[in-house]
Number of protein chains: 2
Amino acid sequence: MLYAGFMSAAPPSAPTPQEPVESPQLLQLGLDDEPCLRADAARNRARLLEAAAGLVAARGADAVTMEEVAAAAGVGKGTVFRRFGDRTGLLMALLDHSEKKLQAAFLSGPPPLGPGAPPAERLRAFGRAALRRTVEDLELQLAAEADPGRRFTLPPYRVRHHHVALLLRQAVPDADCDVLAHTLLAQLDPALIHHLMHQCGMPPQRLEDAWTDLVDRITGTTA
Amino acid sequence: MLYAGFMSAAPPSAPTPQEPVESPQLLQLGLDDEPCLRADAARNRARLLEAAAGLVAARGADAVTMEEVAAAAGVGKGTVFRRFGDRTGLLMALLDHSEKKLQAAFLSGPPPLGPGAPPAERLRAFGRAALRRTVEDLELQLAAEADPGRRFTLPPYRVRHHHVALLLRQAVPDADCDVLAHTLLAQLDPALIHHLMHQCGMPPQRLEDAWTDLVDRITGTTA
DNA sequence: CTGCAAAGCGGACCCCGGTCCGCATTGTGT
DNA sequence: ACACAATGCGGACCGGGGTCCGCTTTGCAG
């Protein structure tokens, strides 16, 4: 399970010794953020998030430029990138709160989402929850989708994948659950949701039904 | 089924009256390309493709810049964009030939890929073929992935989706085949393939097996 | 062969994401 | 209180994708 570098042919010579960003690669399991920054840094971070949220809300995620955010927060462009790594990082930070809430719910909340219900049941609940959460701020999720290559290595995805794979192993021990989990998660991909809802005009209910049906087929359960 | 604009909040005022590009939005069903260009245009197009192919082969897809391609072909940058629309367009044009071949094979080739075999059988064959074809030039496919939003509206994807949905409707008439087809196709996504093979170290055989297994589970077949 | 509209060309230009590095701010040890 | 690392800041800078518009080429009609 080495989740290292990944840039195709980039020489891994110097592992870029300066890289605070945030939670560089590790699983974000809920409650680790903000590794005690310096006073001014913390203040700027807060300002940036606020400014970004405001601009995004006002003009839509992909009409907002990094420089604008910096300006609105009253800091320099470099500061934004130092803190959040890149555009995707900033956008993800904006989504972080609600993602954490979802994570908490399916990792340790009450059944059927959390532990306690049978796996197939939990899978169905997971899909419903994730779907609704995604629909809430679709636009932002969409804009936060990194270049296709990184998608699967981003912490939020990894957590979801780990969870779904776990449930699958309980429900269908004879399947290749690692791969299957990716397939299931694909049906919750913001880009797909957007396509189905906004371009094909499907109602959210249909997506929930499709998820349920898929889980039923794969686990062999009949609802 | 309106597949219009799609840019979230962009004013659709002027539908950009000049847009030759190629096969703007329609299904590419095999044999429509090159709507008779002017002599010089055709020559430049050929030169560009050749130059691009050369550079990509030599230095890897994402180390090649549009300006380089233009220079190598002895034309101006503007010409590249006029002909191919954007970077993705150029890359896709490079993949066009092999994609057409695959399309021909599953649309009208011999069974089990083409018509004649039972649907579940055809689905299995489709996955195998698509998988192998994708592995062949993974890097290019990866680089050609557009921004996530456009993925599902690109002609090659639409053709595949249409095909898979058709087979599904025959095999499992009671399911939501439109959505299900997207789910199946997700397992053939170049980005996922790359992740599983190059970052998780899975052998191609395992992906083929996973596809077969998935088809079996969904169609209820046991073969 | 010639004239002329349409089609195509090309490179200067813009924009934006991302980097870099000399300077300013912290906060800690004494 | 002071000095001095370490940490962070910021804006000049760069590279590459994509656009624009005046000029050239093409090829058709007469």
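Chain A is the first sequence line, chain B the second, and so forth, proteins listed ahead of strands; every chain is numbered from 1.
The CZ atom of A/Arg83 sits 17 Å away from the C1' atom of C/dG18 (whole-angstrom rounding). For A/Met66 and D/dG15, the CE to P distance is 21 Å, given to the nearest whole Å. The interatomic distance linking A/Arg87 (CZ) with C/dC16 (C1') rounds to 9 Å, in whole Å. Atoms CD (A/Glu67) and C1' (C/dG17) sit 9 Å apart, rounded to a whole Å. D/dG15 atom C1' lies 14 Å from atom CZ of A/Phe81, rounded to whole Å. Per the geometry, CZ belonging to A/Phe84 stands 13 Å off P belonging to D/dG8, to the nearest Å. For the pair A/Leu91 CG and C/dC16 P, the computed distance is 15 Å after rounding to whole Å. We find that CZ of B/Arg82 is positioned 15 Å from P of C/dG11, with the value rounded to whole Å.
Remark: A/Glu50 engages no residue in a side chain to side chain contact (heavy atoms under 4.5 Å, CB included) (not counting sequence neighbours). Under the side-chain hydrogen bond (donor to acceptor under 3.5 Å, both in side chains) criterion, A/Arg87 pairs with no residue at all, not counting sequence neighbours. Judged as a side chain to side chain contact (heavy atoms under 4.5 Å, CB included), and not counting sequence neighbours, the contacts of B/Ala146 are B/Thr88, B/Arg150, B/Leu154. Residues satisfying the side-chain hydrogen bond (donor to acceptor under 3.5 Å, both in side chains) test with A/Asp137, not counting sequence neighbours, are none. A/Ala129 is linked by a side chain to side chain contact (heavy atoms under 4.5 Å, CB included) to A/Leu102, A/Leu113, counting only residues two or more places apart in sequence or in another chain. In terms of the side-chain hydrogen bond (donor to acceptor under 3.5 Å, both in side chains) criterion, residue partners of A/His182 (sequence neighbours excluded) are, by chain and number, A/Tyr157, A/His161. Residues meeting the salt bridge (Lys or Arg N to Asp or Glu O under 4.0 Å) test with A/Arg43, sequence neighbours left out: none. Residues that satisfy the side-chain hydrogen bond (donor to acceptor under 3.5 Å, both in side chains) test with A/Arg151, not counting sequence neighbours, are B/Asp189.
Across the helix from C/dC1-D/dG30 to C/dT30-D/dA1, the helix axis at one end is tilted relative to the axis at the other end by 0° (nearest 10 degrees, each axis from five pairs).
Within the structure, every side-chain polar atom (N or O) of B/Arg45 is placed at least 4.0 Å from both OP1 and OP2 of C/dG8. An OP1 or OP2 oxygen of C/dC9 is reached within less than 4.0 angstrom by a side-chain nitrogen or oxygen of B/Asn44.
Below 30°, between 30° and 60°, or above 60°: for B/Phe126 and B/His163 the angle between ring planes is between 30° and 60°, a tilted geometry.
Nearest to the side-chain atoms of B/Thr65 among the listed nucleotides D/dC9, D/dG17, C/dC9 stands D/dG17.
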Cut-off 3.5 Å, no hydrogens considered: what does the side-chain donor-acceptor table look like for residues 64-81 of chain B, sequence neighbours left out?
| from | atom 1 | to | atom 2 | distance (Å) |
| --- | --- | --- | --- | --- |
| B/Thr65 | OG1 | B/Glu67 | N | 3.0 |
| B/Thr65 | OG1 | B/Glu68 | N | 3.3 |
| B/Glu68 | OE1 | B/Arg59 | NH2 | 2.9 |
| B/Glu68 | OE1 | B/Thr65 | N | 3.0 |
| B/Glu68 | OE2 | B/Arg59 | NH2 | 2.8 |

Full working for side-chain contact (heavy atoms from CB on, under 4.5 Å) between A/Gln141 and A/Ile193 | CA-CA 11 Å; A/Gln141 301 255 166; A/Ile193 304 294; over 6 Å; no
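The stretch residues 72-79 of chain B comes close to DNA chain C through B/Val75, B/Gly76, B/Lys77, B/Gly78, B/Thr79, each having a heavy atom under 4.0 Å from the strand.
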Encode nucleotides 25-30 of chain C as B, S and - characters from 5' to 3', where the letter depends on protein heavy atoms closer than 4.0 Å: B to the base, S only to sugar-phosphate, - to neither.
-> BSS---
